[in-house]
Amino acid sequence: MATIFSKIIAGEIPSYKVAEDEQFYAFLDINPLAQGHTLVVPKHETDYFFDLEDNEIAAMQIFTKKVAAAIKRAYPCIKVGQAVLGLEVPHAHIHLIPMQSERDMLFTNPKLKFTAEEFKQTAAKIHAEFEK
Ligand code: 5GP
């Protein structure tokens, strides 16, 4: 059965898309720790990030680097933090979170709430920077 992220990539479930190429898809986390919290996923479905092939991890990290740069330009922060958890969704993904302090990386923090319009604008802002 396809993962929820595969359904998002296929457009069967809506998402706030930030960036995409042939291999990877980046979209806003629906329960963000900070405005601009983005998930990067391979279109090819694999549960565990560290089970990805070496070349896929390398390519994913290069794509993620570009997304992180776009997030930082769109939402100025000290640095963009990267995390791999995968405890909830069995489809490998990288979390990118703009950090004002290390506390912003605490996944036990309460999640932020945004309206659909705010999510849309956030995704559009990062996407515009990604395309530059
Ligand atoms: P993890 O698997 O890394 O522990 O957590 C999965 C992440 O995916 C969580 O931060 C959660 O908010 C996010 N997530 C789960 N389902 C959806 C969804 O349907 N849409 C989006 N945009 N994010 C999701």
Side-chain angles (χ1 to χ4, degrees):
M1 203 179 81
T3 67
I4 193 152
F5 289 172
S6 286
K7 289 178 184 168
I8 284 174
I9 293 161
E12 293 164 16
I13 292 176
S15 68
Y16 301 100
K17 183 169 106 174
V18 159
E20 182 176 14
D21 72 2
E22 278 178 18
Q23 275 182 285
F24 306 106
Y25 189 85
F27 58 106
L28 296 180
D29 193 304
I30 206 69
N31 296 304
L33 287 164
Q35 190 169 25
H37 181 168
T38 296
L39 302 173
V40 179
V41 301
K43 292 183 177 176
H44 162 74
E45 204 176 279
T46 297
D47 174 356
Y48 185 41
F49 179 80
F50 293 109
D51 282 340
L52 291 170
E53 297 295 332
D54 289 358
N55 59 355
E56 201 172 7
I57 286 200
M60 187 168 171
Q61 197 61 76
I62 291 167
F63 179 79
T64 299
K65 176 181 173 180
K66 292 178 197 152
V67 177
I71 292 171
K72 196 166 190 303
R73 287 195 298 271
Y75 291 95
C77 52
I78 298 172
K79 287 182 174 172
V80 172
Q82 170 171 312
V84 171
L85 283 79
L87 294 174
E88 186 187 324
V89 179
H91 186 143
H93 54 279
I94 290 173
H95 292 258
L96 292 175
I97 301 164
M99 293 183 293
Q100 303 301 341
S101 88
E102 72 175 32
R103 278 193 302 276
D104 292 329
M105 296 300 289
L106 290 177
F107 280 79
T108 47
N109 280 345
K111 307 302 184 291
L112 303 181
K113 298 279 180 216
F114 294 106
T115 64
E117 190 53 36
E118 286 167 336
F119 271 120
K120 213 171 141 186
Q121 285 173 12
T122 301
K125 201 168 165 184
I126 299 170
H127 177 73
E129 292 297 336
F130 183 85
E131 291 297 317
K132 279 182 184 169

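For ligands, and for the atoms within them, numbers begin at 1 and follow the listed sequence. Note that the coordinates shown come from a computational prediction; the quantities given were computed from them, not determined experimentally.
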When distances are taken from atom 19 (O) of ligand 1, the protein heavy atom at minimum range is Ile4 CD1, 3.6 Å

Give the residue and atom name of whichever protein heavy atom lies nearest to atom 4 (O) of ligand 1, and the separation in Å to one decimal. Leu87 N, 3.1 Å

Restricting to heavy atoms, the pick from Asp29, Val89, Asn31 nearest atom 10 (O) of ligand 1 would be Asp29

Measuring centre to centre across the rings, with the benzene-like ring taken for any Trp, is Phe130 within less than 6.0 Å of Phe63? yes

Just to be sure I read this right, does ligand 1 sit under 4.0 Å from the backbone of Phe107, its side chain, both, or neither, counting only heavy atoms? neither

Check this for me - ligand 1, Ile8, N or O atoms closer than 3.5 angstrom, yes or no? no

Under a 4.5 Å side-chain heavy-atom rule over Ile, Leu, Val, Met, Phe, Trp and Tyr, are Leu33 and Leu85 clustered together? yes

Taking non-hydrogen atoms only, is His93 closer than 4.0 angstrom to ligand 1 via side chain, backbone, both or neither? side chain

With heavy-atom distances below 4.5 Å as the criterion, would you say the side chains of Ile57 and Glu53 are in contact? no

Whether His95 lies under 4.0 Å from ligand 1, heavy atom: yes

Salt-bridge contact Lys43-Glu20 (side-chain N to carboxylate O under 4.0 Å): yes

Are Val84 and Met60 connected in the hydrophobic side-chain network, where two residues link if heavy atoms are under 4.5 Å apart? yes

Heavy-atom contacts with Phe27 under 4.0 Å: which atoms of ligand 1 show up? List them by number with element. 21 (C), 22 (N)

Any donor and acceptor pair, going by atom type alone, linking the side chain of Lys72 with main-chain N or O of Cys77 inside 3.5 Å? yes

Sub-4.0 Å heavy-atom approach of Phe5 to ligand 1: yes

Just by distance, with hydrogens left out, do Gln61 and Gln82 show a side-chain donor and acceptor under 3.5 Å apart? yes

Using atom types as modelled and distance alone, determine if a side-chain donor or acceptor of Glu45 lies under 3.5 Å from a backbone N or O of Thr3. yes

If hydrogens are left out, which of Leu28, Ile13, Thr38, Ile30 has an atom nearest to atom 24 (C) of ligand 1, that is, the closest non-hydrogen atom? Ile30

So is Val84 close enough to ligand 1, meaning a heavy atom under 4.0 angstrom away? no

Here the atoms of ligand 1 under 4.0 Å from any heavy atom belonging to Glu88 are 1 (P), 2 (O), 4 (O), 5 (O), 6 (C), 9 (C), 11 (C), 15 (C)

Could you check whether any heavy atom of Gly86 sits closer than 4.0 Å to an atom of ligand 1, since that is the contact criterion I want to use? yes

Presence of salt bridge, Glu129 and Arg73, under 4.0 angstrom: yes

